Engineer: 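Just dropping this structure here.
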There are 2 protein chains.
Amino acid sequence: MKLGQATIKDIARELNLSASTISRALKDYHGISDETKRKVKEMAEKLNYRPNAIALSLRQSRSFTIGVIIPEVVHFFFSTVISGIEEIANSRGYNVILAQSNEKLAREISTIETMLSNQIDGVLVSYSKETKTFDHFTKLLDHGFPIVFFDRAPAIPGAINVMVDDYQGSFDATAHLISQGYKNIVHLAGPKTLKISIDREKGYKDALLKNGLDVNPAYIISCPLGTLEESKDLVSELLISLPDRPDAFFSCNDIGAVGAMMACRDAGLKIPLEVGIVGFSDWQFCSMLQPQLSSVAQPGFLMGARATEILIDIIEKKLDPKTMEQSLILETKLMERGSSKRF
Amino acid sequence: MKLGQATIKDIARELNLSASTISRALKDYHGISDETKRKVKEMAEKLNYRPNAIALSLRQSRSFTIGVIIPEVVHFFFSTVISGIEEIANSRGYNVILAQSNEKLAREISTIETMLSNQIDGVLVSYSKETKTFDHFTKLLDHGFPIVFFDRAPAIPGAINVMVDDYQGSFDATAHLISQGYKNIVHLAGPKTLKISIDREKGYKDALLKNGLDVNPAYIISCPLGTLEESKDLVSELLISLPDRPDAFFSCNDIGAVGAMMACRDAGLKIPLEVGIVGFSDWQFCSMLQPQLSSVAQPGFLMGARATEILIDIIEKKLDPKTMEQSLILETKLMERGSSKRF
DNA sequence: TAATGTTTTGAAATCGATTGCGTACATAGA
DNA sequence: TCTATGTACGCAATCGATTTCAAAACATTA
């Protein structure tokens, strides 16, 4: 061992005892004399003994490690989720192995393989945008391997999901815009491969209908990339092309909302007077913009924490994925700010 | 095994061969007939065999896992660093175990312990603000355990560090403000416990002196918290209290710069006409502000990537920490944007 | 003193994969 | 026919800790 790490055998040799005795003494098993226990512990301390978790993992087929697969780390929301995961995992004695899929299916699959090789006890997954089939997950679920999905919930019957209430958040945001007197509300929608995109679009539509407004398909704009430039360009064009100029934009993410904001400003439109804008996620920067961007806040830390608690409960058989609630839906909170408040 | 995972023994049993033969066949060792190799690989495929990395780790005292200890994940800069780490580690066949110290020394220490128990091959560390003694690191370094520090470099002789050139970045930013004709440049400084704060302040001072301006202690404002409110309040007060009104602010971080921006706007000052502002880190939101915030870009991804390359090279003995360059200093890049460009 | 019970400890197997060494067999050369 | 060389494979030890099964060592009782 690189560190000259002491093992149980070293302690045994020093004290002229057997390895089994050392093991038992360290764990305060019955049938070991107090005198021996004392000596063993003393020697362990002296040799700076640290149990080899790898050996334990091998023996028990348990690694006290959970895997986290996330599309990308550099994303405010995901980083808060990771923080929540790390916090709970740590407090319950688990390690966190992290891997990002970079939104690539191939990498998602290879990552899972590697993690399984490393005998992780369970995995938390937010799948990639490329992922359209879920065999690599169902195969594991069928064998009873603990998986909890967060944020992005796959179409797998029986899978455990922790999500935010995208529908309601979206509904609230749209209803808020309506209440502020905006009428031609455009929705900048995300990729249809993600359930969250679909839910957010549905919340938008329902809010319109519920308030007696029509759903105009021309007002639902697909933003597959999710970049600032994309939404900026699309909105700029929209402001010219549409017969009835849009007077509000509800974007499925904050970046898109900023793009819309820029496009409107470039077009000489006053925010929030002439155009209202609401984003989704409530990234840090929302309150730094001028005007401040209204947005739907997602409880990222809480999501990570709750997902981890559930996963570990399943691992430790405190929960049974077969009988438990399959989805945990966390509430969002609309942060009404300057970009959408006329009154 | 939970997954009914096939082992080498299972393959051996199926084919009436010994475990050693299976192992060798799978690795294409000489001395195994092609026929046998074929059959073994076929059966491995059929049984969905996956080598048990834990068993390997135990045998080789190598886990192909590196630890990452970071003050906090929810931090744009650190998340880009993590991304770089993950990218390189992955490509070189290593797993990444992540833990955040939450800026607590105690947690930093216990985290290291856990990671060592898990036989990590090396660790990447950005130490906490609380950390003032480094015994827990030197102890390991003395035993030849691979550690690479990033961003925050400890006062440990012989330690390998990967940092950005805070001094130069700061110097450039200040020089830029001067070149734009600003004369009364205030520096919003960070906590003195971090070397990066000191370096940034020094860069600011030297840039002033080099350009024939005086260093006025009243123009160096300590912002220990690093929050938006803190800097906003301090700047608001400053704009009134100082005899010569400041006409530029160079903040040691972006958040502080935004606070300054807000305070100036509240005071009715035009940016960049009457006041110039430059931040440090170049967070995503800088280019979303109005006007866009000039900032010193730190190569986070690159820092993570380079630190990981060095660490793995040390682990794999391709580099010797005793003889190699001890510090890798990465260049910053000043992003000149609307908040500081008058001409 | 022998039998029995209690306390304390050890030998060996186990987890999964690797590897040094040994063996069985075939073929070639002398 | 006997030795030398090579091919193809198995045995057993190893990594570190745990745990089952037993065996000692000792005390207690009849």
Side-chain angles (χ1 to χ4, degrees), chain A residues 1-41 43-44 47-65 113-114 116-121, chain B residues 1-41 43-44 47-65 93 114 116-121:
Chain A
M1 258 268 69
K2 206 170 292 162
L3 293 175
Q5 256 311 342
T7 71
I8 269 194
K9 288 182 193 170
D10 295 320
I11 304 180
R13 196 174 335 103
E14 290 292 321
L15 297 176
N16 253 316
L17 288 169
S18 74
S20 16
T21 302
I22 308 301
S23 172
R24 281 184 277 238
L26 288 173
K27 308 212 127 193
D28 272 330
Y29 272 38
H30 61 278
I32 300 291
S33 70
D34 290 348
E35 171 64 6
T36 305
K37 283 184 189 170
R38 195 188 51 70
K39 279 198 291 187
V40 167
K41 287 177 182 169
M43 185 56 69
L47 297 181
N48 193 22
Y49 169 76
R50 218 189 322 262
N52 184 325
I54 293 286
L56 256 166
S57 296
L58 181 59
R59 182 108 222 285
Q60 310 181 337
S61 299
R62 284 277 276 107
S63 61
F64 282 97
T65 298
E113 285 293 317
T114 313
L116 287 175
S117 260
N118 280 278
Q119 312 297 108
I120 52 166
D121 295 337
Chain B
M1 257 271 66
K2 206 171 291 162
L3 295 175
Q5 256 313 338
T7 72
I8 269 194
K9 288 182 192 168
D10 296 321
I11 304 180
R13 194 173 338 98
E14 290 292 322
L15 297 175
N16 253 316
L17 289 169
S18 74
S20 17
T21 302
I22 308 301
S23 172
R24 282 185 273 240
L26 288 173
K27 306 211 130 195
D28 273 331
Y29 272 38
H30 61 281
I32 301 292
S33 71
D34 291 346
E35 172 64 7
T36 305
K37 284 182 188 170
R38 196 188 52 70
K39 279 198 292 191
V40 168
K41 287 177 183 171
M43 184 58 68
L47 298 182
N48 193 24
Y49 169 75
R50 219 188 323 261
N52 184 326
I54 293 286
L56 258 165
S57 297
L58 181 58
R59 182 110 222 283
Q60 310 180 339
S61 297
R62 287 273 280 106
S63 62
F64 282 96
T65 298
T114 312
L116 287 175
S117 261
N118 281 277
Q119 311 296 106
I120 52 166
D121 296 336

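This structure is a prediction, so every number in the text was calculated from the model and none was measured. Chain naming here is simple, since letters A, B, ... match the order of the sequence lines and numbering starts at 1 in each.
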Engineer: What pairs with B:Phe64 under ring-ring contact (aromatic ring centres under 6.0 Å, His included), at least two apart in sequence or on another chain?
Structural biologist: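 Expected list: B:Tyr94.
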Engineer: Remember a base hit wins even if backbone is also touched, and classify B:Ile8 as base, sugar-phosphate or nothing at under 4.0 Å, heavy atoms.
Structural biologist: sugar-phosphate
Engineer: To the nearest Å, give me how far apart CD (B:Glu35) and P (D:dA8) are.
Structural biologist: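 Value for this atom pair: 11 Å.
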Engineer: Give the residues of residues 17-24 of chain A touching DNA chain C, defined as any heavy atom closer than 4.0 Å, sorted by residue number.
Structural biologist: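 Hits under 4.0 Å, by residue number: A:Leu17, A:Ser18, A:Ser20, A:Thr21, A:Arg24.
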Engineer: Between A:Leu56 and B:Asn16, which is nearer to the 5' end of DNA chain D once each is assigned its nearest nucleotide?
Structural biologist: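 Closer to the 5' end of DNA chain D: B:Asn16.
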Engineer: Check every atom of C:dT9, C:dG16, D:dT18 against the side chain of A:Lys27 and return the nucleotide holding the closest atom.
Structural biologist: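 Nearest to the side chain of A:Lys27 among the choices is D:dT18.
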Engineer: When the C1' atoms of the five terminal pairs at each end define the local axes, what inter-axis angle does the helix from C:dT1-D:dA30 to C:dA30-D:dT1 show, to 10 degrees?
Structural biologist: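 Its terminal axes enclose an angle near 80°.
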Engineer: Quick one: B:Leu47 CG to C:dA17 P, roughly how many Å, whole number?
Structural biologist: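 So the CG-P distance, B:Leu47 to C:dA17, works out to 12 Å.
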Engineer: Quick one: A:Asp28 CG to C:dT8 C1', roughly how many Å, whole number?
Structural biologist: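 After rounding, the gap between these two atoms is 15 Å.
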Engineer: Rounded to the nearest angstrom, tell me the gap between atom CZ in B:Arg59 and atom P in D:dA13.
Structural biologist: 13 Å
Engineer: Can you name the residues that form a side-chain hydrogen bond (donor to acceptor under 3.5 Å, both in side chains) with A:Ser33, not counting sequence neighbours?
Structural biologist: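 Partners of A:Ser33 by the side-chain hydrogen bond (donor to acceptor under 3.5 Å, both in side chains) criterion, ordered by chain and then number, come out as A:Thr36.
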Engineer: For B:Lys27, enumerate each residue passing the side-chain hydrogen bond (donor to acceptor under 3.5 Å, both in side chains) test, keeping only those at least two apart in sequence or located in another chain.
Structural biologist: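 Residues passing side-chain hydrogen bond (donor to acceptor under 3.5 Å, both in side chains) with B:Lys27: none at all.
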Engineer: Under 4.0 angstrom, heavy atoms only, what part of the nucleic acid is B:Ser57 near: base, sugar-phosphate, or nothing?
Structural biologist: nothing
Engineer: B:Lys41: what forms a salt bridge (charged side-chain N to carboxylate O under 4.0 Å, His left out) with it, not counting sequence neighbours?
Structural biologist: B:Asp28
Engineer: Take atom CD1 of A:Ile54 and atom P of C:dT14, then tell me their distance rounded to the nearest Å.
Structural biologist: 22 Å
Engineer: How long is the line joining NZ of A:Lys9 and C1' of D:dG16, in whole Å?
Structural biologist: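 After rounding, the gap between these two atoms is 6 Å.
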Engineer: B:Gly31 or A:Thr7: which one's nearest nucleotide on DNA chain D is closer to the 5' end?
Structural biologist: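 Its nearest nucleotide lies further toward 5', so the answer is B:Gly31.
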Engineer: Starting from C1' on D:dG16, measure out to CD on B:Gln119 and report it in whole angstrom.
Structural biologist: 9 Å
